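Comments concern the structure below.
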2 protein chains.
Amino acid sequence: MQSRQYDYRYSCSVEATLDVIGGRWKGVILFHLMEGTKRFNELQRLVQGCTQRMLTLQLRELEKDGVVKRTVYAEVPPKVEYSLTEFGRSLEPILLMMRDWGDRYVSQLVEQKSKVKS
Amino acid sequence: MQSRQYDYRYSCSVEATLDVIGGRWKGVILFHLMEGTKRFNELQRLVQGCTQRMLTLQLRELEKDGVVKRTVYAEVPPKVEYSLTEFGRSLEPILLMMRDWGDRYVSQLVEQKSKVKS
DNA sequence: CAGTATCCCACTTGATACTG
DNA sequence: CAGTATCAAGTGGGATACTG
């Protein structure tokens, strides 16, 4: 879910938020960045199933949208750190609620599944 | 963003939530359903830019995920009402926070735009 | 009124290989 | 270590027309 153009008119601002956090891996990335600064490799280990390429792409979009900060250290081997910007940190309460709701949703799925089985 | 299979293992439950509300029009649909029960036509007017086909598809997925209830009245002409299930209403705080955050995000975009112009 | 049915394309995502 | 480059594939979404 790449963000739409600047002249795009959101009919509803919920839409705008989903533009920022609704990408395939963005929620998970942001969630892990809440813990603190992470290096590229750390994120790749944390965000399971996400390819290197997708991780790069999604991080770039999050950076463009102003919620993630990318810091490059001029070292060899290269070191790049990702963290939430201050604006990005304002997403924290939303992410936490999404985690809690997701937990309940998954439990419900498991329940349904066991009912079908029995 | 159609929900993944039951045997899918979410590495993070934020992902599960986004599976449910992260579709192209789902956030907006849910947001309008928070106000109360709506008929199909009402929703189509409210969710601007969404085609009839997409509205149907997204509503069916929301129904399958247990957050929206579809009630058909045996009348001519047909009458179908959509509302949040009790479980769906548990998304309300998230949707409200997403609306507020989206507002701030959009304001920021407008600011940036005006800076570039001047 | 509240949908289906087709057709089709763009964009997102993935797999794999390569590099400063 | 932290990426690009390239190619291929899947699918989400749009346009349009039709219907119980």
Side-chain angles (χ1 to χ4, degrees), chain A residues 1-5 8-12 15 18-29 32-33 37-65 68-83, chain B residues 1-5 8-12 15 18-29 32-33 37-65 68-83:
Chain A
M1 201 177 284
Q2 186 160 168
S3 2
R4 302 185 243 293
Q5 319 315 332
Y8 182 87
R9 298 270 161 244
Y10 293 108
S11 68
C12 167
E15 214 178 333
L18 280 174
D19 252 12
V20 177
I21 67 173
R24 177 72 181 80
W25 305 101
K26 289 183 183 175
V28 189
I29 293 171
H32 288 299
L33 287 180
T37 299
K38 304 278 178 214
R39 297 185 58 169
F40 187 84
N41 260 9
E42 288 182 89
L43 278 177
Q44 208 178 347
R45 254 174 292 114
L46 290 168
V47 185
Q48 300 196 7
C50 182
T51 62
Q52 205 167 27
R53 177 186 128 87
M54 280 313 296
L55 186 56
T56 304
L57 287 176
Q58 303 265 294
L59 282 167
R60 291 291 137 79
E61 288 185 14
L62 290 169
E63 197 188 349
K64 181 172 65 61
D65 290 336
V68 161
K69 191 175 68 179
R70 179 171 178 262
T71 313
V72 184
Y73 296 89
E75 298 177 5
V76 178
K79 177 176 166 184
V80 180
E81 285 185 343
Y82 292 92
S83 57
Chain B
M1 203 175 286
Q2 188 162 166
S3 358
R4 302 186 243 292
Q5 318 316 330
Y8 181 88
R9 297 270 162 247
Y10 293 108
S11 68
C12 168
E15 213 178 334
L18 279 174
D19 251 14
V20 177
I21 66 173
R24 177 72 180 81
W25 304 101
K26 290 182 184 175
V28 188
I29 292 171
H32 288 298
L33 287 180
T37 298
K38 305 278 180 213
R39 298 185 59 170
F40 187 85
N41 260 10
E42 288 182 88
L43 278 176
Q44 208 178 349
R45 252 175 292 115
L46 290 168
V47 185
Q48 300 195 7
C50 182
T51 62
Q52 206 168 23
R53 176 187 128 87
M54 282 310 298
L55 186 56
T56 304
L57 288 176
Q58 303 265 296
L59 282 169
R60 291 289 136 78
E61 288 184 14
L62 291 168
E63 196 188 349
K64 181 171 66 58
D65 290 336
V68 161
K69 191 175 69 178
R70 178 170 180 263
T71 313
V72 184
Y73 295 89
E75 300 177 0
V76 178
K79 177 177 167 185
V80 179
E81 284 186 344
Y82 292 91
S83 58

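The structure presented is a predicted model; accordingly, all values stated were derived computationally and were not measured. Just so it is clear: chains get the letters A, B, ... in the order the sequence lines come, proteins before strands, and each one is counted from 1.
Rounded to an integer number of Å, the gap from CD of E63(A) to C1' of dA2(D) is 14 Å. Atoms CG (L55(A)) and P (dT4(D)) sit 11 Å apart, rounded to a whole Å. The interatomic distance linking F40(B) (CZ) with dA2(C) (C1') rounds to 6 Å, in whole Å. Atom CG in L59(B) sits about 11 Å away from atom P in dA2(C), given to the nearest Å. Look at CZ on R39(B): it is 10 Å from P on dG3(C), rounded to the nearest Å. Atom P of nucleotide dG13(D) and atom CG of L18(A) are separated by 11 Å, given to the nearest angstrom.
Scanning DNA chain D for stems, defined as runs of 3 or more consecutive Watson-Crick or G-U wobble pairs whose donor-acceptor distances all fall under 3.5 Å, gives the following ranges: C:1-20 with D:1-20.
Taken to the nearest 0.5 Å, the OH atom of Y82(A) stands 5.0 Å off from the CG atom of L59(A).
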With B for base contact, S for sugar-phosphate-only contact and - for none (protein heavy atoms under 4.0 Å), nucleotides 14-20 of chain D reads BB----B
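Looking only at side-chain heavy atoms (C-beta outward), T37(A) and T71(A) stay at 4.5 Å or farther from each other. Using a 4.5 Å heavy-atom threshold, the side chains of V80(A) and R70(A) count as touching. Counting only heavy atoms from C-beta outward, the side chains of V28(A) and L46(A) never approach each other to under 4.5 Å. Using a 4.5 Å cut-off on side-chain heavy atoms (C-beta onward), E15(A) and R24(B) make contact.
Smallest separation of non-hydrogen atoms from Q58(A) and I29(A): CB-CD1, 3.8 Å.
Across the interface with DNA chain C, nearest-nucleotide mapping of Y82(B) and L57(A) shows Y82(B) to be the residue nearer the 5′ end.
Under a cut-off of 6.0 angstrom, the local environment of NZ in K79(B) is crowded, with over 12 non-hydrogen atoms contributed by other residues, nucleotides or ligands.
For R70(B) and dG3(C), the shortest distance from a side-chain N or O to OP1 or OP2 is below 4.0 Å. Close to dA2(C), at under 4.0 Å from its OP1 or OP2, lies no side-chain N or O of R60(B).
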